[in-house]
A.B. asks: 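Structure below; questions to follow.
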Amino acid sequence: MANYFLLNKIKYSKNRIMIIAEACDNHFGSIEKAFKMVDLAKKSGADIIKFQHHIPDEEMLKKVPKSKNFKISLYNFLKKNALKLEDHYKLKKYCEAKKITYLCTPFSLKAAQELNKIKVCGFKIGSGEMSDHPTLKEIIKFKKPIIISTGMSVVKEINEIYKILKKSKKSIALMNCLSENPVNYRDLNLKFISKMKEMYPQASIGHSDHTNDIFSTISAVSLGAIIVEKHVTLNKNNNGPDKDVSINFEEFSKMIY
């Protein structure tokens, strides 16, 4: 069984849980707000702050069914609010100065290639891209640690992705995840974490949480997750696509301590 996950020269294990503050797009395209999120993540005790690199025309069609809990299409939201590559470069340098690890999710191969050029220490792959085997195989070639969320998947699909990941010579992690927005607590199935630890011995097992409180994340650690990811926001009243799955930094800090 994988005893630790190595990222940015730091070993994470049952004795040192990796805590990821998922900034997602709660900065609304503002580099100043993104910097503030870095500051608060560091102050809260997070090991890592994770952003997202979107190139909308590389990852989705312009016209797709719109989510019922959001007023505009995701495509239009991202065209307006996604960070640019130069913003990610600035954020990575800022994180280095603040001594917190910068991590990012690419939502297309082009986005991953751009992030690799700024020398990121690893990649976090979201649930929506988990079954994109061609892209994942290309990302593996970068020979960097990879964390993958498994929301919306069945065991057969996780088995397939695990088989691909095992070919990587770097640390790999699979994240138990429920991709509902908002979450129905009856669907969390946290006990699957224990099964994942048995089924995927070469992978570190974590939990990517989409509830708007801290309790399921704490429970995930008690069940053996050594990596936890939690969406954070500067203001819970902000009407973005991640509003219903985010907590503020005061709550985030309480979760850690």
A.B. asks: Are V154 and L178 connected in the hydrophobic side-chain network, where two residues link if heavy atoms are under 4.5 Å apart?
C.D. replies: no
A.B. asks: How are the rings of F35 and Y94 set relative to one another: parallel (under 30°), tilted (30 to 60°) or perpendicular (over 60°)?
C.D. replies: tilted
A.B. asks: Say whether S30 and K36, considering side chains only, have a donor N or O and an acceptor N or O under 3.5 Å apart.
C.D. replies: no
A.B. asks: Kindly work out whether a path of hydrophobic side-chain contacts (I/L/V/M/F/W/Y, heavy atoms less than 4.5 Å apart) joins L174 to V221.
C.D. replies: yes
A.B. asks: Grab the two heavy atoms, one from S149 and one from S127, that are nearest each other, plus how far apart they are.
C.D. replies: CB-OG, 3.3 Å
A.B. asks: Is there a path of hydrophobic side-chain contacts, each under 4.5 Å between heavy atoms of I/L/V/M/F/W/Y residues, joining L74 to M152?
C.D. replies: no
A.B. asks: Judged by atom type as modelled, is there a donor-acceptor pair below 3.5 Å linking the side chain of S204 to the main-chain atoms of A173?
C.D. replies: no
A.B. asks: Check whether N8 reaches the backbone of I10 with its side chain - one donor and one acceptor, N or O, closer than 3.5 Å.
C.D. replies: no
A.B. asks: Examine K11 relative to Y4 and say whether NZ or CZ is less than 6.0 Å from the centre of the six-membered ring and inside a 45° cone about the ring axis.
C.D. replies: yes
A.B. asks: Who passes side chain to side chain contact (heavy atoms under 4.5 Å, CB included) against K236, sequence neighbours left out?
C.D. replies: T233, N248, E251
A.B. asks: Quick check: does any side chain N or O of N181 sit under 3.5 Å from a backbone N or O of P241, one acting as donor and the other as acceptor?
C.D. replies: yes
A.B. asks: When you look at T150 and N176, which way does the side-chain hydrogen bond (donor to acceptor under 3.5 Å, both in side chains) test go after all the steps?
C.D. replies: CA-CA 6 Å; T150 61; N176 178 60; 5.1 Å; no
A.B. asks: What distance separates D242 CG from Q52 CD, expressed to the nearest 0.5 Å?
C.D. replies: 6.5 Å
A.B. asks: Is there a side-chain contact between E157 and M130, using heavy atoms and a 4.5 Å cut-off?
C.D. replies: yes
A.B. asks: Quick check: are there more than 12 heavy atoms from other residues, nucleotides or ligands sitting under 6.0 Å from NZ of K144?
C.D. replies: yes
A.B. asks: Tell me, with the steps shown, if K90 and K93 meet side-chain contact (heavy atoms from CB on, under 4.5 Å).
C.D. replies: CA-CA 5 Å; K90 293 175 183 177; K93 298 293 287 186; 5.9 Å; no
A.B. asks: For a ring pair (Phe, Tyr, Trp, His ring centres under 6.0 Å) check, start with the C-alpha distance between Y162 and Y200, then their side-chain angles and the critical distance, and finish with the verdict.
C.D. replies: CA-CA 7 Å; Y162 177 65; Y200 311 115; 4.9 Å; yes
A.B. asks: Between H210 and D244, is the side-chain contact (heavy atoms from CB on, under 4.5 Å) condition met? List the steps.
C.D. replies: CA-CA 8 Å; H210 290 78; D244 293 327; over 6 Å; no
A.B. asks: Drop me the distance from K230's NZ to E22's CD, to the nearest 0.5 angstrom.
C.D. replies: 11.5 Å
A.B. asks: Decide yes or no on side-chain contact (heavy atoms from CB on, under 4.5 Å) for Y185 and F215, but give the supporting numbers first.
C.D. replies: CA-CA 11 Å; Y185 285 85; F215 306 111; over 6 Å; no
A.B. asks: Quick one about E229 and S208 (side-chain donor to acceptor, distance below 3.5 Å, no hydrogens or angles considered), yes or no?
C.D. replies: yes
A.B. asks: Do I146 and V120 sit in one hydrophobic cluster, given that two such residues count as connected whenever their side-chain heavy atoms are within less than 4.5 Å of each other, even indirectly?
C.D. replies: yes
A.B. asks: Between I226 and M18, is there a side-chain heavy-atom distance shorter than 4.5 Å?
C.D. replies: no
A.B. asks: Identify the two heavy atoms, one from H27 and one from C24, that lie closest to each other, and give their separation to 0.1 Å.
C.D. replies: NE2-O, 3.1 Å
A.B. asks: State, yes or no, whether a side-chain contact exists between L40 and L234 at a heavy-atom distance under 4.5 Å.
C.D. replies: yes
A.B. asks: Could you check whether any side-chain heavy atom of L115 comes within less than 4.5 Å of a side-chain heavy atom of Y89, counting everything from C-beta outward?
C.D. replies: no
A.B. asks: List the atom of G151, the atom of S179, and the distance in Å for their closest heavy-atom pair.
C.D. replies: CA-OG, 3.4 Å
A.B. asks: Could you give the distance from SG (C95) to NZ (K50), rounded to the nearest 0.5 Å?
C.D. replies: 12.5 Å
A.B. asks: Which atoms form the tightest heavy-atom contact between I161 and I148, and what is the distance?
C.D. replies: CG1-CD1, 4.1 Å
A.B. asks: Between V228 and I100, is there shared hydrophobic-cluster membership here, with clusters defined by ILVMFWY side-chain heavy atoms closer than 4.5 Å?
C.D. replies: yes
A.B. asks: F252 and side-chain contact (heavy atoms from CB on, under 4.5 Å): which partner among I19, T217, I214?
C.D. replies: I19
A.B. asks: Distance-only check: which donor-acceptor pairs under 3.5 Å involve side-chain atoms of residues 163-171, not counting sequence neighbours?
C.D. replies:
{"residue": "S168", "atom": "OG", "partner": "K170", "partner atom": "N", "Å": "3.1"}
{"residue": "S171", "atom": "OG", "partner": "L6", "partner atom": "N", "Å": "3.0"}

A.B. asks: Within the 4.5 Å heavy-atom criterion, are L78 and E59 side-chain neighbours or not?
C.D. replies: yes
A.B. asks: Evaluate side-chain contact (heavy atoms from CB on, under 4.5 Å) for K243 paired with N238, printing each intermediate quantity in order.
C.D. replies: CA-CA 7 Å; K243 175 183 178 182; N238 285 335; over 6 Å; no
A.B. asks: Give a yes-or-no answer on whether the side chains of H53 and E114 include a donor-acceptor pair shorter than 3.5 Å.
C.D. replies: yes
A.B. asks: Within a strict 4.5 Å, meaning less than it, do heavy atoms of the I139 and N116 side chains meet?
C.D. replies: no
A.B. asks: Rounded to the nearest 0.5 Å, what separates atom CE in M60 from atom CD1 in I55?
C.D. replies: 11.5 Å
A.B. asks: Keeping the roles fixed (side chain from D87, backbone from L83), state whether a donor-acceptor pair exists under 3.5 Å.
C.D. replies: no
A.B. asks: Less than 4.5 Å apart, any side-chain heavy atom of D57 and any of K79?
C.D. replies: yes
A.B. asks: Tell me the closest heavy-atom pair linking I193 and A220, and the distance in Å.
C.D. replies: CD1-CB, 3.6 Å
A.B. asks: Rounded to the nearest 0.5 Å, how far apart are CG of D213 and CE of M255?
C.D. replies: 11.0 Å
A.B. asks: Are the side chains of F51 and I49 in touch, meaning some heavy atoms are under 4.5 Å apart?
C.D. replies: yes
A.B. asks: Using salt bridge (Lys or Arg N to Asp or Glu O under 4.0 Å), reason through K92 and E96 one step at a time and then give a plain yes or no.
C.D. replies: CA-CA 6 Å; K92 180 175 177 290; E96 290 170 354; 2.7 Å; yes
A.B. asks: Check whether S13 reaches the backbone of N15 with its side chain - one donor and one acceptor, N or O, closer than 3.5 Å.
C.D. replies: yes
A.B. asks: Among pairs that include at least one residue of residues 102-125, which meet ring-ring contact (aromatic ring centres under 6.0 Å, His included), considering only residues two or more places apart or in two chains?
C.D. replies: H54-F107, F123-F142
A.B. asks: Could you verify whether a donor N or O on one side chain and an acceptor N or O on the other, from S216 and D209, lie under 3.5 Å apart?
C.D. replies: yes
A.B. asks: State the CD-CG distance between E86 and L91, to the nearest 0.5 angstrom.
C.D. replies: 11.0 Å
A.B. asks: What heavy-atom pair brings I158 and S153 nearest, and what distance separates the two atoms?
C.D. replies: CG1-OG, 3.4 Å
